[in-house]
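In what follows, a single structure is set out as structure tokens and then discussed.
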Amino acid sequence: VQLQASGGGLVQAGGSLRLSCAASGRTFSSYTMGWFRQAPGKECEFVAAISRNGVSTYYADSVKGRFTISRDNAKNTVYLQMNSLKPEDTAVYYCAAGNLLLSTLTKDYTYWGQGTQVTVSS
């Protein structure tokens with residue numbers, strides 16, 4: 001599976017962005033999909049995950065209530081809708097595909113996209 005993330009950019013605090021991650025291949029629906037982020041000088045951290053069929057989701061406490069993960073298996077795409085953005089959300093955001101249901105650990109994701117930069121100004 002090859003993953004291509006897009007949709008990042010510069011936004012003011014309180015604004016919104018929607019990230020997309022397009023996957024190649026015919027097995028997209030067999031993977032749990034996750035979003036992670038990495039800010040400068042910090043470790044990569046879990047943001048959100050969604051089950052294969054899109055029914056179940058899980059969020060980091062820091063984004064719960066502000067971010068929404070979704071997927072369209074017909075389009076081989078996973079999304080991350082980000083609302084009420086804060087400066088501390090500034091990071092490179094990565095999408096990833098894995099086999100373990102709703103895992104929050106980077107080691108459980110096999111395939112990774114190239115990342116898209118999100119910058120939130122105060």
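Excluded from the calculations below are hydrogen atoms, water molecules and symmetry mates; all remaining heavy atoms, backbone and side chain alike, are included.
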Kindly give the heavy-atom pair with the smallest separation between A39 and A91, and that separation in Å. N-CB, 3.8 Å
For residues 36-81, which residue pairs qualify under disulfide (SG to SG under 2.5 Å), counting only residues two or more places apart or in two chains? none
Which atom pair, heavy atoms only, marks the closest approach of T116 to G7? OG1-N, 4.1 Å
Salt-bridge test for K64 and D61: reply yes if a basic N is under 4.0 Å from a carboxylate O, no otherwise. yes
Tell me yes or no: between the side chains of N83 and S16, is some donor less than 3.5 Å from an acceptor? yes
For the residue pair Q117 / T119, report whether a side-chain donor-acceptor contact shorter than 3.5 Å exists. yes
What residues join L10 in its hydrophobic cluster, counting side-chain heavy atom gaps under 4.5 Å, either direct or through other members? none
Using the salt bridge (Lys or Arg N to Asp or Glu O under 4.0 Å) rule, collect all pairs that involve residues 41-51, keeping only residues at least two apart or in two chains. R37-E45
Strictly distance-based, threshold 3.5 Å: is any side-chain N or O of R71 a donor or acceptor partner for the main-chain N or O of S51? yes
With sequence neighbours left out, what residues match T104 under side-chain hydrogen bond (donor to acceptor under 3.5 Å, both in side chains)? none
Output the rest of the hydrophobic cluster of Y111: all Ile, Leu, Val, Met, Phe, Trp and Tyr residues reachable through side-chain heavy-atom contacts under 4.5 Å, sorted by chain and number. V1, L3, V11, L17, L19, F28, Y31, M33, W35, V47, I50, Y59, V63, F67, I69, V78, L80, M82, L85, Y93, V118, V120
Check this for me: Q2, atom CD, are more than 12 non-hydrogen atoms of other residues, nucleotides or ligands nearer than 6.0 Å? no
Quick one: does R66's side chain get under 4.5 Å of D89's, heavy atoms only? yes
The reported gap from CG in L101 to OG in S56 (rounded to nearest 0.5 angstrom) is 6.5 Å
Could you work out the complete set of other residues in the hydrophobic cluster of Y79, with links drawn between I, L, V, M, F, W and Y side chains under 4.5 Å apart? none
The reported gap from NZ in K86 to OG in S122 (rounded to nearest 0.5 angstrom) is 14.0 Å
Please tell me if the side chains of T106 and W112 come closer than 4.5 Å, counting only heavy atoms from C-beta onward. yes
Does the side chain of S103 come within less than 4.5 Å of Y109's, by heavy atoms? yes
Is the closest side-chain heavy-atom distance between R52 and S29 below 4.5 Å? no
Can you confirm whether or not the ring centre of F36 sits under 6.0 Å from the ring centre of Y94? no
